Participant: 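Before I ask anything, here is the structure I am working with.
Since the model is a prediction, treat every value here as computed from it, not as a measurement.
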Amino acid sequence: MELLKGLNWRYAAKRMTGETVPQDKLDYILEAARLAPSSSGLQPYEIFVVSNQETLEKIRPIAWNQAQITECSHLLVFASWDGYSHEKITTVFNEMMDARELPHNTMDDYKQTLWGLYEPLGESWHQQHTAKQAYISFAMAIAAAAEQKVDATPIEGFEPEKLDEILGLREKGLKSAVILALGYRDADNDWNVNLKKYRKEKEEFIHEIK
């Protein structure tokens with residue numbers, strides 16, 4: 001019930017106060033994002049937490065000049081792998097087996113099957129798929145922020161290539177997928193704060209096939 005209360009409370013804040021989100025709340029949100037499910041447990045993405053004001057000032061012009069970029073406490077950049085490779089998949093599976101105290105070859109058959117499926121699908125599919133995995137983590141962060149009464153504004157309106165350049169993502173084999181501004185709503189200056197929350201009615205949105 002607390003999650004639903006939080007989701008009803010939240011909205012996409014258009015203006016923020018600049019107040020800093022306490023470290024324990026930030027850690028909670030990031031841990032929820034880290035624990036998000038991903039296809040085959042590969043987690044083909046990383047999160048960059050930007051709070052440096054100079055960097056945020058550089059990002060704002062390439063994010064449609066949205067005020068939340070520089071008024072937020074922290075900007076989370078979800079950056080996905082620029083593609084799958086046998087080496088990347090092997091590295092993750094080896095780390096997984098180490099964590100489970102199992103031999104590295106325990107899941108070799110599954111790993112080979114997975115790479116056999118992914119390899120021929122090509123770079124475009126790879127990038128779409130890794131970005132989809134990042135979005136699952138992104139959604140978990142939004143829900144966790146709502147639980148913590150921290151405003152979280154999802155932002156897709158930005159120029160990915162320029163953001164990649166600012167954060168040096170290409171050198172890391174990553175591409176920015178989506179960003180999330182964390183902070184506290186500026187109720188006195190946000191036109192969106194008092195508008196009634198709208199979602200489709202359950203009957204229009206949920207279809208049961210029995």
Participant: Taking the six-membered ring where the residue is Trp, are the ring centres of Trp125 and Tyr118 under 6.0 Å apart?
Facilitator: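 Ring centres of Tyr118 and Trp125 closer than 6.0 Å.
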Participant: Please give me the minimum heavy-atom distance between Ser137 and Ile47, naming the atom from each residue.
Facilitator: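 That would be OG-CD1, 4.0 Å.
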Participant: Regarding Asp151 and Arg185, does a basic nitrogen lie under 4.0 Å from an acidic carboxylate oxygen?
Facilitator: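 Looking at Arg185 together with Asp151, the answer is yes, because their closest N to O distance falls below 4.0 Å.
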Participant: Measure the shortest side-chain to side-chain distance between Leu169 and Ser176 over non-hydrogen atoms and say whether it is less than 4.5 angstrom.
Facilitator: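 In contact.
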Participant: So do Ser80 and Leu174 actually touch side chain to side chain, heavy atoms under 4.5 Å?
Facilitator: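 Contact flag for Leu174/Ser80 side chains = no.
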Participant: Could you state the interatomic distance from CZ (Arg100) to CD (Glu95), rounded to the nearest 0.5 Å?
Facilitator: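 One finds 12.5 Å between CZ of Arg100 and CD of Glu95.
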Participant: When you compare the side chain of Leu75 with that of Leu180, does any pair of heavy atoms fall below 4.5 Å?
Facilitator: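 They are not in contact (no side-chain heavy atoms under 4.5 Å apart), so the answer is no.
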Participant: Less than 4.5 Å apart, side chain to side chain, heavy atoms only: is that true for Thr130 and Tyr84?
Facilitator: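 Side-chain contact under 4.5 Å: yes.
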Participant: What residue pairs, at least two apart or across chains, pass side chain to side chain donor-acceptor pair (under 3.5 Å) with a residue in residues 196-210?
Facilitator: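 Every pair satisfying side chain to side chain donor-acceptor pair (under 3.5 Å) with a residue in residues 196-210: there are none.
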Participant: Taking salt bridge (charged side-chain N to carboxylate O under 4.0 Å, His left out) as the criterion, tell me which of Lys88, Arg170, Lys172 meets it with Asp82.
Facilitator: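 Only one option passes, and that is Lys88.
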Participant: Would you call Leu26 and Thr20 a side-chain contact if the rule is heavy atoms closer than 4.5 Å?
Facilitator: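 They are not in side-chain contact.
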Participant: Check Arg34 with Glu31, please: is the shortest side-chain N to carboxylate O separation under 4.0 Å?
Facilitator: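 Yes.
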Participant: Decide whether a cation-pi geometry holds between Lys175 and Trp81; the criteria are a distance under 6.0 Å from NZ or CZ to the six-membered ring centre and an angle within 45° of the ring axis.
Facilitator: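 Verdict for Trp81: no cation-pi partner in Lys175.
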Participant: Quick one: pull up CE in Met107 and OG1 in Thr113 and give me the separation to the nearest 0.5 Å.
Facilitator: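 Met107 atom CE to Thr113 atom OG1 measures 10.0 Å (nearest 0.5 Å).
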Participant: May I ask you to say whether Arg60 pairs ionically with Glu57, meaning some side-chain N is under 4.0 Å from a carboxylate O?
Facilitator: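 Salt bridge absent between Arg60 and Glu57.
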Participant: Report yes if some heavy atom in the side chain of Thr70 is under 4.5 Å from a heavy atom in the side chain of Gln53; otherwise report no.
Facilitator: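 The answer is yes, as the side chains (C-beta and beyond) meet within the 4.5 Å cut-off.
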Participant: Within a strict 4.5 Å, meaning less than it, do heavy atoms of the Thr106 and Phe93 side chains meet?
Facilitator: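 No, every pair of side-chain atoms sits at 4.5 Å or beyond.
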Participant: Should Leu114 and Ser40 count as side-chain neighbours, where that means a heavy-atom distance under 4.5 Å?
Facilitator: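 A side-chain contact under 4.5 Å exists here.
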Participant: Is it the case that the side chain of Asp190 and the backbone of Lys14 share a donor-acceptor pair, with hydrogens and angles ignored and the cut-off at 3.5 Å?
Facilitator: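 At least one qualifying donor-acceptor pair exists.
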Participant: Consider only side-chain heavy atoms of I, L, V, M, F, W and Y, link residues closer than 4.5 Å, and tell whether Ile89 and Tyr110 are in one cluster.
Facilitator: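 Yes, because Ile89 and Tyr110 connect within a single hydrophobic cluster, where side-chain heavy atoms sit under 4.5 Å apart.
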Participant: Given the rule that I, L, V, M, F, W and Y join up when any side-chain heavy atoms are under 4.5 Å apart, are Ile166 and Ile155 in one cluster?
Facilitator: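 Yes, because Ile166 and Ile155 connect within a single hydrophobic cluster, where side-chain heavy atoms sit under 4.5 Å apart.
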Participant: Hey, could you give me the OG1/CD distance between Thr153 and Glu71, rounded to the nearest 0.5 Å?
Facilitator: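 That separation rounds to 10.0 Å.
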